[in-house]
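Here the structure is laid out as C-alpha cells; the discussion comes afterwards.
Since this is a predicted model, take the numbers as computed values, not measurements. We're numbering straight along the sequence, starting at 1.
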Amino acid sequence: MFKGLGNLGNIASMMAAFKDLPQKMQELNARMQSEHVRGDSSCGRVFVIVNCVGQVQSVNITDDGISKGETEQAVVEAANAAGAVAKQTYAEAIREMVNDMNLDIPGVDGFLTSMMGR
C-alpha cells in the first residue's frame with residue numbers, strides 16, 4: 001500500500017536540511033568574505049587581490065615603462081582574472097556545502113557550472 005512512498009524519508013531529511021540552509025549560507029558568505037584570491041595581468045605588471053564575494057582588496061601595479069593605457073588594460077585583465085577565480089571558489093564552496101548537507105537539488109550542478117562560466 002505504501003510502496004510508492006519510499007522517498008518520503010529523503011524528503012523529510014531534505015526539509016530538515018533546508019531549515020539549516022540560511023544559517024549555512026551566512027557562514028559560507030562570512031568565510032568567502034575573508035578568503036582571498038589573486039588575479040594577474042598577462043603582462044605580469046599588475047595583480048589584484050579580491051575576496052571570494054568579488055570585493056577588490058588591493059591592486060599592485062608595477063608600471064615600469066608602460067603607458068597609461070597599457071596599465072589600465074592590465075588592471076582590467078587582473079581584476080577579471082581575480083573575479084573569475086573568486087566566482088569559481090564560491091561556486092565550489094556552495095557545491096561542497098550542498099553535498100555536505102545531503103541536498104539533492106535538481107539542476108544545482110548545472111547552475112553552479114554556469115555560475116563558474118564553464
Common cluster, Phe47/Ile61, ILVMFWY with side-chain heavy-atom separation under 4.5 Å: no
Please tabulate, for side-chain N and O atoms in residues 26-33, each donor-acceptor pair with protein atoms closer than 3.5 Å (sequence neighbours left out).
unit_1 : atom_1 : unit_2 : atom_2 : d
Glu27  : OE2    : Gln23  : NE2    : 3.0
Asn29  : OD1    : Tyr90  : OH     : 2.2
Asn29  : ND2    : Met25  : O      : 3.3

Point-to-point distance, once rounded to the nearest 0.5 Å, from CE of Met101 to CG of Asp20: 5.0 Å
Partners passing side chain to side chain contact (heavy atoms under 4.5 Å, CB included) against Gln55 (at least two apart in sequence or in another chain): Asn51, Val53, Gln57
All side chain to side chain contact (heavy atoms under 4.5 Å, CB included) counterparts of Val76, not counting sequence neighbours: Asn80
Gap separating the CE atom of Met97 from the CZ atom of Arg95, nearest 0.5 angstrom: 12.0 Å
Under 3.5 Å donor-acceptor, Glu92 side chain and Thr89 backbone: no
Any Asp40 side-chain heavy atom under 4.5 Å of Val46 side chain: no
Ser41 side chain to Val75 backbone, donor-acceptor under 3.5 Å: no
Single-linkage hydrophobic cluster, 4.5 Å side-chain cutoff, Val48 and Ile66 together: no
For the student: nearest non-hydrogen atoms of Ala74 and Cys43, plus distance: CB-SG, 3.9 Å
